[in-house]
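Just so it is clear: chains get the letters A, B, ... in the order the sequence lines come, proteins before strands, and each one is counted from 1.
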Protein chains: 2
Amino acid sequence: MSLYADRADEFLQAHKLSRTPGRIALLKFLAAQRRPVSVEYLRRNLKNELDQVSLYRALEAFVERGMVVQFDFGHGHAHYELAHDRPHHHHAVCESCGTIEDIPAQDRRDLLKSTLQKSPGFAQLTRHSLEFYGLCVSCAP
Amino acid sequence: MSLYADRADEFLQAHKLSRTPGRIALLKFLAAQRRPVSVEYLRRNLKNELDQVSLYRALEAFVERGMVVQFDFGHGHAHYELAHDRPHHHHAVCESCGTIEDIPAQDRRDLLKSTLQKSPGFAQLTRHSLEFYGLCVSCAP
DNA sequence: GCATAAACGCAAGTAATTTGCAATTACTGG
DNA sequence: CCAGTAATTGCAAATTACTTGCGTTTATGC
């Protein structure tokens, strides 16, 4: 259980968000996860805590504030993970079943090979996808 | 114009796909692009060559065979690029306008910093997303 | 407690992609 | 070249993921 699990309301307050039961439940649930989770999974598990739309809106607010990180693994839907609750890491995604495994960040020599060694749940890693995000010269302030 | 531009039909044949006018047009069009393109862009430009559904189906077949690479830049829709028509590279994506720029692959020390130096169209790069894909132990043959 | 702003849930809407299916086209062997 | 077969196509409809509008409720700061 992460740092934030029992401090969800302080965490919300620190980010200038109302401490509503739904958001607190969502944060606690996210803190208990070990992998990035889909909205569908959140919705199933939090259906008594908050409605799907509120879920999307809360996630959006969290991502905007950097509280949560959004990932796209090519599954046609997003995955979300609490930010800062563990050191920077990458993910290995199974092309067959979609299983996701964390991989500790490291120096990047022989990346695929050494990544595989750090991915005990994976038998092979065949490709990766690396995208950079920022501001292009015409959009920069 | 890429290697494949004037050999679209041989390329299809090599991958055991029927050489239909729509697919040939699509391959030629992809070969002429310098950046990963969206389905919407393909659809606009190829609306007389093939229907949207055929477009999706052709892209799916191409991706399955490794002829085309699919990317997700967090835009809510996929982008596609011909594979093998140029050396391995990454992409910088503008968080404001969505502009995409190729970045030559390189050794990965000081990744963000040196990447920025190789991204003349970008003023800043603030984050990146790196995912590995393969087969987990329970899915591996 | 009370005013105000934030957040909520429901219904409806939209964008991207997929599926079903009958009609057409490409490929293969003769 | 030509028929038979399999692959591919286009259209309509469905599905999935997510978003918007809006009137009601709840949280916050005084």
**Student:** On the nucleotide C:dA16, are OP1 or OP2 found under 4.0 Å from the side-chain N or O atoms that B:R43 carries?
**Tutor:**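 Indeed not, no polar side-chain atom of B:R43 lies that close.
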**Student:** Heavy atoms only, 4.0 Å cut-off, all strands: where does B:G22 land among base, sugar-phosphate and nothing?
**Tutor:**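 No contact at all - B:G22 keeps every heavy atom at 4.0 Å or more from the nucleic acid.
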**Student:** Please walk me through it: do B:F62 and B:L12 pass side-chain contact (heavy atoms from CB on, under 4.5 Å)?
**Tutor:** CA-CA 9 Å; B:F62 294 170; B:L12 284 167; 3.7 Å; yes
**Student:** Taking atom C1' of D:dA7 as reference, at what distance in whole Å does atom NZ of B:K16 sit?
**Tutor:**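 The distance from NZ of B:K16 to C1' of D:dA7 comes to 15 Å, rounded to the nearest Å.
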**Student:** Looking only at side-chain N and O atoms, does A:R57 come under 4.0 Å of OP1 or OP2 in D:dT20?
**Tutor:**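 Negative; the distance criterion is not met.
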**Student:** Reading DNA chain C from 5' onward, which residue's closest nucleotide shows up sooner: B:R19 or B:Q70?
**Tutor:**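 On the 5' side of the pair lies B:Q70.
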**Student:** Using heavy atoms and a sub-4.0 Å distance, could you list which residues of residues 44-53 of chain B are near DNA chain C? By number, please.
**Tutor:**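 Correct list: B:Q52, B:V53.
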**Student:** So, applying side chain to side chain contact (heavy atoms under 4.5 Å, CB included) with A:R23, which one of A:L59, A:D9, A:L55, A:L17 is it?
**Tutor:**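 The residue from A:L59, A:D9, A:L55, A:L17 that satisfies side chain to side chain contact (heavy atoms under 4.5 Å, CB included) with A:R23 turns out to be A:L17.
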**Student:** For residues 31-56 of chain A, which residue pairs pass the salt bridge (Lys or Arg N to Asp or Glu O under 4.0 Å) check, not counting sequence neighbours?
**Tutor:**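 Salt bridge (Lys or Arg N to Asp or Glu O under 4.0 Å) check on residues 31-56 of chain A returns A:R35-A:D102, A:E40-A:R43, A:E40-A:R44.
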**Student:** Is it true that B:L135 and A:F73 fall in one hydrophobic cluster, defined by side-chain heavy atoms closer than 4.5 Å?
**Tutor:**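 No.
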**Student:** Determine whether A:Y41 and A:V39 fall in the same hydrophobic cluster, where Ile, Leu, Val, Met, Phe, Trp and Tyr are linked whenever their side-chain heavy atoms lie under 4.5 Å apart.
**Tutor:**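 Hydrophobic grouping puts A:Y41 with A:V39.
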**Student:** Given atom CG of A:L55 and atom C1' of D:dT19, what is their separation to the nearest angstrom?
**Tutor:**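 My rounded result for the distance is 13 Å.
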**Student:** Between B:Y56 and C:dT18, is there a side-chain N or O to OP1/OP2 distance below 4.0 Å?
**Tutor:**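 Negative; the distance criterion is not met.
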**Student:** Can you say whether the rings of B:H15 and B:F11 are parallel (under 30°), tilted (30 to 60°) or perpendicular (over 60°)?
**Tutor:**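 The arrangement is perpendicular - the two ring planes meet at more than 60°.
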**Student:** With the side chain of A:P21 defined as its heavy atoms from C-beta on, choose the nearest nucleotide among D:dC18, D:dG10, D:dA27.
**Tutor:**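 When the side chain of A:P21 is considered, D:dA27 is the closest of D:dC18, D:dG10, D:dA27.
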**Student:** If every non-hydrogen atom of A:H79 is compared with every non-hydrogen atom of A:S38, which pair is closest and at what distance?
**Tutor:**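 Reported closest heavy-atom pair: CD2-N, 3.6 Å.
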**Student:** Quick one: which residue pairs count as a side chain to side chain donor-acceptor pair (under 3.5 Å) with a foot in residues 64-75 of chain A, not counting sequence neighbours?
**Tutor:**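 As it turns out, the side chain to side chain donor-acceptor pair (under 3.5 Å) pairs with a partner in residues 64-75 of chain A, which skip direct neighbours, are A:Q70-A:Y80.
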**Student:** Closest approach to the side chain of A:S18, judged atom by atom: which nucleotide of D:dT28, D:dT20, C:dC27 is it?
**Tutor:**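 Closest of the options to the side chain of A:S18: D:dT28.
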**Student:** Mind calculating the distance between CG (A:L26) and C1' (C:dC8) to the nearest angstrom?
**Tutor:**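 Going from CG in A:L26 over to C1' in C:dC8 covers 14 Å.
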**Student:** Could you tell me whether A:A58 contacts a base, only the sugar-phosphate backbone, or nothing, with contacts defined as non-hydrogen atoms closer than 4.0 Å?
**Tutor:**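 Nothing: the residue A:A58, judged by heavy atoms under 4.0 Å, touches no strand.
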**Student:** How long is the line joining NE2 of A:H77 and P of D:dT19, in whole Å?
**Tutor:**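 From A:H77 NE2 to D:dT19 P: 14 Å.
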**Student:** Once you round it to whole Å, what is the distance between P of C:dT17 and NE2 of B:H75?
**Tutor:**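 Rounding to the nearest Å, NE2 of B:H75 and P of C:dT17 are 13 Å apart.
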**Student:** The side chain of B:T20 lies closest to which of these nucleotides: D:dT8, D:dC18, C:dA7?
**Tutor:**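 Of the options given, the side chain of B:T20 lies nearest D:dT8.
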**Student:** Write down the distance between CG (B:L12) and C1' (C:dT25), rounded to a whole number of angstrom.
**Tutor:**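 Going from B:L12 (CG) to C:dT25 (C1'), I get 15 Å.
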**Student:** Just the rounded figure in Å: distance from C1' of C:dT25 to CD1 of B:I24.
**Tutor:**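 Roughly 12 Å, once rounded to whole Å.
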**Student:** In whole Å, what is the span from the CZ atom of A:R23 to the P atom of C:dG9?
**Tutor:**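 Rounding to the nearest Å, CZ of A:R23 and P of C:dG9 are 10 Å apart.
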**Student:** Return whichever of B:Q13 or B:V39 has its heavy-atom-nearest nucleotide of DNA chain C closer to the 5' end.
**Tutor:**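 That would be B:V39.
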